[in-house]
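Following: one structure in structure tokens, then a few remarks.
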Amino acid sequence: MPEISEQDADDDAREALDSIQAMGKAALWRAIPPRWFGASMALLAGALVALSAADHREYHVYVILLMSAVLVYRSQKTGVSVRQFPTRVAGIAVIVLTPLFFGLIVAAQMVSGAIGTVGAPLAAGIVLAIAVYSLSIFERRWHIARIGSGNGE
């Protein structure tokens with residue numbers, strides 16, 4: 001039986017580590033939120049604001065169920081999750097989106113006399129949808145930069 005030299009062992013170990021690192025990066029690439037996910041969540045969040053501003057709160061259940069369905073579908077299709085949660089992005093989302101959500105509802109109800117009962121809620125929904133989609137693009141870029149920089153998980 002041929003003896004394994006120290007150089008061969010080093011090469012095998014390096015190959016194994018490279019393979020593990022490549023599999024880790026592939027899993028992280030798979031965990032990146034797709035663009036359709038951000039767009040669908042943005043549209044549904046905008047619909048919530050528009051429905052609230054138009055005083056059609058009875059339809060919130062359907063929008064929330066659709067949001068849940070999109071979240072479940074994405075998690076089932078992806079099959080992976082990132083261990084490190086982007087707390088900075090989540091903090092920005094809570095600090096910015098929560099007051100924006102309620103502020104847009106109040107603002108749309110206040111200006112509905114000037115813009116119209118359809119235009120004001122629709123404008124408020126569009127503003128929130130743009131904010132949510134922008135945040136989803138920011139999160140997507142955060143994940144891509146994290147993978148590209150080689151910081152691991």
Notebook entry, point to check: Are Leu44 and Val127 connected in the hydrophobic side-chain network, where two residues link if heavy atoms are under 4.5 Å apart?
Noted result: yes
Margin query: Test of understanding: clusters of I, L, V, M, F, W, Y form through side-chain heavy atoms closer than 4.5 Å, transitively. Do Val106 and Phe102 belong to the same one?
Written below: no
Checklist line | Pairwise distance CG(Leu65) to CE(Met67) - rounded to 0.5 angstrom | finding: 11.0 Å
Check: According to a 4.5 Å side-chain heavy-atom criterion applied to Ile, Leu, Val, Met, Phe, Trp and Tyr, with indirect links allowed, do Val49 and Tyr59 form part of one hydrophobic cluster?
Finding: yes
Note to self: Can you give me the closest heavy-atom contact between Val132 and Ala45, atom names plus distance?
What the structure shows: CG2-CB, 4.1 Å
Notebook entry, point to check: Which pair of heavy atoms, one from Tyr133 and one from Ala42, lies closest together, and at what distance?
Noted result: N-CB, 3.7 Å
Note to self: Nearest 0.5 angstrom please: Arg141 CZ to Ser136 OG, how far?
What the structure shows: 10.0 Å
Item checked: Cluster link Leu104 to Ile130, ILVMFWY, side chain under 4.5 Å -> no
Notebook entry, point to check: Below 4.5 Å, heavy atoms only, C-beta onward: do Met41 and Val70 meet side chain to side chain?
Noted result: yes
Item checked: Nearest-0.5 Å distance, CZ of residue Arg57 to CD1 of residue Ile105 -> 7.0 Å
Margin query: Would you say that Leu97 contacts Leu128 through its side chain, given a criterion of any heavy-atom pair below 4.5 Å between the two side chains?
Written below: yes
Checklist line | Evaluation steps, side-chain contact (heavy atoms from CB on, under 4.5 Å), between Val96 and Leu135 | finding: CA-CA 10 Å; Val96 172; Leu135 190 63; over 6 Å; no
Notebook entry, point to check: Checking Ser40 side chain against Phe37 main chain: does a donor-acceptor pair fall under 3.5 Å?
Noted result: yes
Item checked: Exercise: identify the closest heavy-atom pair between Ala108 and Ala53 -> CB-CB, 3.6 Å
Margin query: Would you compute the distance between atom CG of Leu48 and atom CD1 of Ile64 and round it to the nearest 0.5 angstrom?
Written below: 5.5 Å
Next item on the list: Find the distance between CZ (Phe101) and OG (Ser52) and round it off to the nearest 0.5 Å.
Entry: 4.5 Å
Margin query: Would you say Leu71 ends up clustered with Val63 if hydrophobic residues are merged whenever their side chains have heavy atoms under 4.5 Å apart, either directly or through other cluster members?
Written below: yes
Checklist line | Distance in Å, Thr117 OG1 paired with Leu122 CG, rounded so as to fall on 0.5 Å steps | finding: 11.0 Å
